[in-house]
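Reviewing the structure listed below.
Chain letters run A, B, ... following the sequence lines, proteins first and then strands; every chain starts at 1.
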Protein chains: 4
Amino acid sequence: MGRVVIKPQKKSNDKYQRILDAAIIVFAEQGFFRSTVAQIAKAAGVADGTIYLYFKNKEDILVRIFDDKTRQVFARFRVAVDEADNAIDKLRNLIRTHLSEFQNNIHMAVLYQSETHQSTRLVEVQIREMSKMYLDIVSEIVEQGQQENRIRKNLYLGLVKRFILGAVDEVINTWIHSGGTYELASMADPLVSLFINGIGTPQKQGDTSWHKS
Amino acid sequence: MGRVVIKPQKKSNDKYQRILDAAIIVFAEQGFFRSTVAQIAKAAGVADGTIYLYFKNKEDILVRIFDDKTRQVFARFRVAVDEADNAIDKLRNLIRTHLSEFQNNIHMAVLYQSETHQSTRLVEVQIREMSKMYLDIVSEIVEQGQQENRIRKNLYLGLVKRFILGAVDEVINTWIHSGGTYELASMADPLVSLFINGIGTPQKQGDTSWHKS
Amino acid sequence: MGRVVIKPQKKSNDKYQRILDAAIIVFAEQGFFRSTVAQIAKAAGVADGTIYLYFKNKEDILVRIFDDKTRQVFARFRVAVDEADNAIDKLRNLIRTHLSEFQNNIHMAVLYQSETHQSTRLVEVQIREMSKMYLDIVSEIVEQGQQENRIRKNLYLGLVKRFILGAVDEVINTWIHSGGTYELASMADPLVSLFINGIGTPQKQGDTSWHKS
Amino acid sequence: MGRVVIKPQKKSNDKYQRILDAAIIVFAEQGFFRSTVAQIAKAAGVADGTIYLYFKNKEDILVRIFDDKTRQVFARFRVAVDEADNAIDKLRNLIRTHLSEFQNNIHMAVLYQSETHQSTRLVEVQIREMSKMYLDIVSEIVEQGQQENRIRKNLYLGLVKRFILGAVDEVINTWIHSGGTYELASMADPLVSLFINGIGTPQKQGDTSWHKS
DNA sequence: GATGAATGAGAATTCATTCAT
DNA sequence: AATGAATGAATTCTCATTCAT
């Protein structure tokens with residue numbers, strides 16, 4: 001996949017990309033089931049039949065979107081995290097990148113939200129993989145934070161990961177349903193603060209941890 | 001099959017409920033668009049045409065599910081919250097009820113997760129209303145907690161609400177995709193602890209702001 | 001329940017009439033195929049199933065309408081014709097009655113127009129019979145007129161009958177599609193005049209009609 | 001007109017015509033409502049779905065039949081009329097063409113008879129337009145005849161038009177219901193004679209003959 | 001490779017008719 | 001007799017996919 005530049009290949013690749021990009025928009029705007037292959041073809045500026053030269057069927061388009069596009073996005077998460085040193089900064093970089101990538105790509109954000117919350121996912125494998133990748137990064141950060149003594153040690157890591165991912169997801173979902181207007185990335189710092197400090201008053205002995213009762 | 005004869009209720013209400021209950025299962029298992037009216041009819045033990053005596057069309061079934069079922073569930077949240085005195089306990093009751101209601105109603109949980117994360121929702125109005133109801137309860141609790149000095153005052157309330165709802169949602173979503181096997185309600189206390197205390201180490205005094213690096 | 005036996009019988013008859021009358025209106029307004037049995041039942045103020053106590057099926061309603069109602073109307077044509085002495089007056093009475101009956105019964109007029117011009121008539125037998133009855137009356141009148149020397153003898157009777165019936169029908173059809181507003185019966189005299197005198201200028205002599213007498 | 005235009009293809013034009021022609025026959029034989037799209041497709045030798053590449057829906061097929069076919073027919077009336085000089089000959093040409101066109105096109109004749117006599121017409125606009133066109137031609141002829149002193153001047157023109165059109169229509173309708181067997185066009189001359197001379201005895205002021213042959 | 005016309009399986013919905021009450 | 005809920009056959013229309021050009 002890396003060498004490139006052979007003419008027919010390039011041209012094909014061009015159509016492949018155009019179809020993929022068109023599909024992202026059409027799927028995001030109408031949902032997978034309400035979208036028709038004809039709509040995607042029209043949006044991509046190709047004939048209906050051409051779709052089937054590049055994709056096995058309608059569902060395959062969705063699968064490839066997740067294969068190609070979301071992998072790229074998630075790769076950037078890795079980079080962003082590696083750019084920071086301590087756990088808190090890593091977490092902040094992760095969330096900031098997460099929010100800004102989705103902000104720059106509202107159609108992918110919509111697709112991702114929609115597909116991840118389906119019970120019978122069309123892209124089950126891909127989502128599991130990406131979800132795991134994301135949660136592994138968070139795990140890594142949390143564990144580093146614990147070593148750095150910036151993050152508490154008596155945590156249920158499996159839950160902490162959901163806690164963080166879920167909050168970020170919901171912020172994105174709210175943004176989507178508001179029409180994607182306001183500045184999403186600016187939510188990163190306040191979110192990290194909530195993750196780290198919680199909402200409780202710090203001065204109290206305040207331990208309401210779950211293992212108590 | 002012969003001994004226990006359950007009388008077919010002459011009350012049409014019976015059929016209405018049977019169709020509704022059947023639809024919840026079918027929609028949850030296959031998704032709205034992959035489900036056919038014939039499947040629902042079969043699951044409900046009625047003829048295809050009978051569906052249309054009780055529902056305007058396929059979409060109307062989904063709308064009524066949200067109108068009827070989820071309202072009932074959300075009414076219980078209110079009750080649970082009112083049973084507690086202080087804000088922390090209210091929050092714990094809310095989340096515990098939320099989790100246990102969805103645990104007892106996995107199909108509704110699936111439907112709810114799916115519909116709330118669609119971009120073009122079929123039940124937009126209902127979801128907006130319920131979402132607002134839920135977030136209002138959370139607001140109320142947070143504000144009471146601030147008066148009780150149990151919850152910090154320098155909070156961005158709009159974000160705090162998403163932060164809490166998102167985390168709970170993600171816990172439910174994870175549970176659904178694990179097959180709904182483990183005890184969901186037991187996540188309530190650990191979650192509340194995370195909300196209140198965050199994941200940061202508490203020993204640092206006075207640092208409650210997020211912009212301090 | 002068995003005490004009063006007379007009432008139900010009368011009541012039944014009442015229901016029969018109500019259904020028939022309701023059906024005439026519904027069929028006229030929507031056409032036979034677009035009308036539903038449920039609509040007729042509702043218009044008649046009876047239950048759907050009740051229709052089937054009085055009529056074999058939907059088509060049977062239409063048949064009975066023609067059997068009952070139109071026979072009554074055509075009976076009056078006979079009476080009107082018999083009230084006049086000479087052929088011209090008989091023709092005038094026939095047409096005047098025809099127009100005024102249909103004017104007083106626009107829904108029947110609509111039904112009649114519609115059904116008589118269908119290729120596969122649902123009431124073929126009835127229409128043939130009534131058509132014959134009408135044309136026979138016209139024949140009778142024309143023949144009497146020929147004996148009275150009021151009507152030409154070198155006529156193709158089969159055509160003359162159509163010529164008269166067609167013109168009257170078209171006048172009615174035009175009236176229907178104008179909304180049935182103006183005075184239909186007033187067309188009788190001018191029509192008869194056209195039938196008798198034609199539209200040609202009378203002054204010429206030395207007749208050469210279309211076939212050599 | 002702002003109708004939705006369906007792609008006029010070169011090769012597909014063939015299919016368009018085949019569907020149209022098949023539909024004329026199917027509609028004529030069974031009536032619009034009893035005809036199914038599947039029947040038309042089968043008669044045209046195409047798949048059911050193919051119909052919808054060329055027509056918006058079932059009703060659209062009927063509309064296009066009237067748009068396309070009947071306009072052609074009516075155009076010929078104009079030509080036939082223009083070929084004659086005096087009013088009587090024009091009228092004869094009109095009626096002769098009318099009868100022979102419908103004779104050569106019995107299915108269209110059936111469709112036309114049926115649709116024009118419906119109260120709620122599916123092709124209201126088209127029929128109104130064609131009806132007006134026809135009646136305008138008749139008006140023109142009559143007025144010319146009056147100038148030529150071949151047609152009486154004290155006529156109610158609105159009625160005369162109906163009188164002529166109705167008689168012709170009825171002759172066609174009778175022919176249709178006889179099975180379309182005999183020679184329809186041969187009715188033209190006798191009909192014109194009836195229009196001109198009427199059926200009354202000319203004894204008063206002599207003859208009412210309309211032409212010298 | 002591209003095309004887009006053609007296909008036909010499949011789905012939603014309607015409604016005449018039946019039948020238990 | 002009267003009801004009207006229930007039925008399911010029948011119909012219209014959509015759209016993913018194919019294939020001849």
Length of the CZ-C1' vector between A:F55 and E:dA2, whole Å: 15 Å
Stems involving DNA chain F, each a run of at least 3 consecutive Watson-Crick or G-U pairs under 3.5 Å: E:2-21 with F:2-21
Below 4.0 Å: OP1/OP2 of F:dT7 and any side-chain N or O of B:Y52: no
B:D60: salt bridge (Lys or Arg N to Asp or Glu O under 4.0 Å) partners, not counting sequence neighbours: B:R64
Identify all side-chain donor-acceptor contacts of residues 42-52 of chain A below 3.5 Å with residues at least two apart in sequence or on another chain.
{"residue": "A:T50", "atom": "OG1", "partner": "A:A47", "partner atom": "O", "Å": "3.4"}

Distance, rounded to the nearest Å, where D:K58 contributes NZ and E:dT14 contributes P: 16 Å
Nearest-Å distance for atom pair OH/C1', residues B:Y16 and F:dA6: 18 Å
Backbone of A:L111 reached by a side-chain donor or acceptor of A:S114 within 3.5 Å: no
Residues in side chain to side chain contact (heavy atoms under 4.5 Å, CB included) contact with A:I106, at least two apart in sequence or another chain: A:V110, A:W175
Upstream residue (5' side of DNA chain E) when C:E59 and A:I51 are each assigned their closest nucleotide: A:I51
Under the side-chain hydrogen bond (donor to acceptor under 3.5 Å, both in side chains) test, residues paired with D:S119 that sit two or more places apart: none
Phosphate contact (E:dA2 OP1 or OP2) by A:K15 side-chain N/O below 4.0 Å: yes
Whole-Å distance separating the OH atom of A:Y54 from the C1' atom of F:dA16: 19 Å
B:L122: side chain to side chain contact (heavy atoms under 4.5 Å, CB included) partners, not counting sequence neighbours: A:R34, B:F32, B:F33, B:E59, B:L62, B:E115
Contacts of C:Q30 that satisfy side-chain hydrogen bond (donor to acceptor under 3.5 Å, both in side chains) - sequence neighbours left out: C:Q39
C:R71: partners by salt bridge (Lys or Arg N to Asp or Glu O under 4.0 Å), with sequence neighbours left out: C:D67, C:E129
Neighbours of DNA chain E within residues 23-36 of chain C, by heavy-atom distance under 4.0 Å: C:S35, C:T36
For atom CG of C:L53 and atom P of E:dT17, their distance in whole Å: 14 Å
Interatomic distance where CG belongs to B:N57 and C1' belongs to E:dT14 [whole Å]: 13 Å
Distance-only donor-acceptor check, side chains B:H177 and A:R121, under 3.5 Å: yes
Atom-to-atom span, CD1 of A:I19 to P of F:dA16 - whole angstrom: 14 Å
Extract all donor-acceptor atom pairs below 3.5 Å that involve side chains of residues 20-27 of chain C and protein atoms in other chains or at least two apart in sequence.
{"residue": "C:D21", "atom": "OD1", "partner": "C:K69", "partner atom": "NZ", "Å": "3.1"}

Separation of atom CD in D:Q17 from atom C1' in E:dA5, rounded to whole Å: 18 Å
Residues in contact with DNA chain F, drawn from residues 38-50 of chain B - heavy-atom cutoff 4.0 Å: B:V46, B:A47, B:G49, B:T50
Shortest non-hydrogen contact between D:S35 and D:G31, atoms and distance: OG-O, 2.6 Å
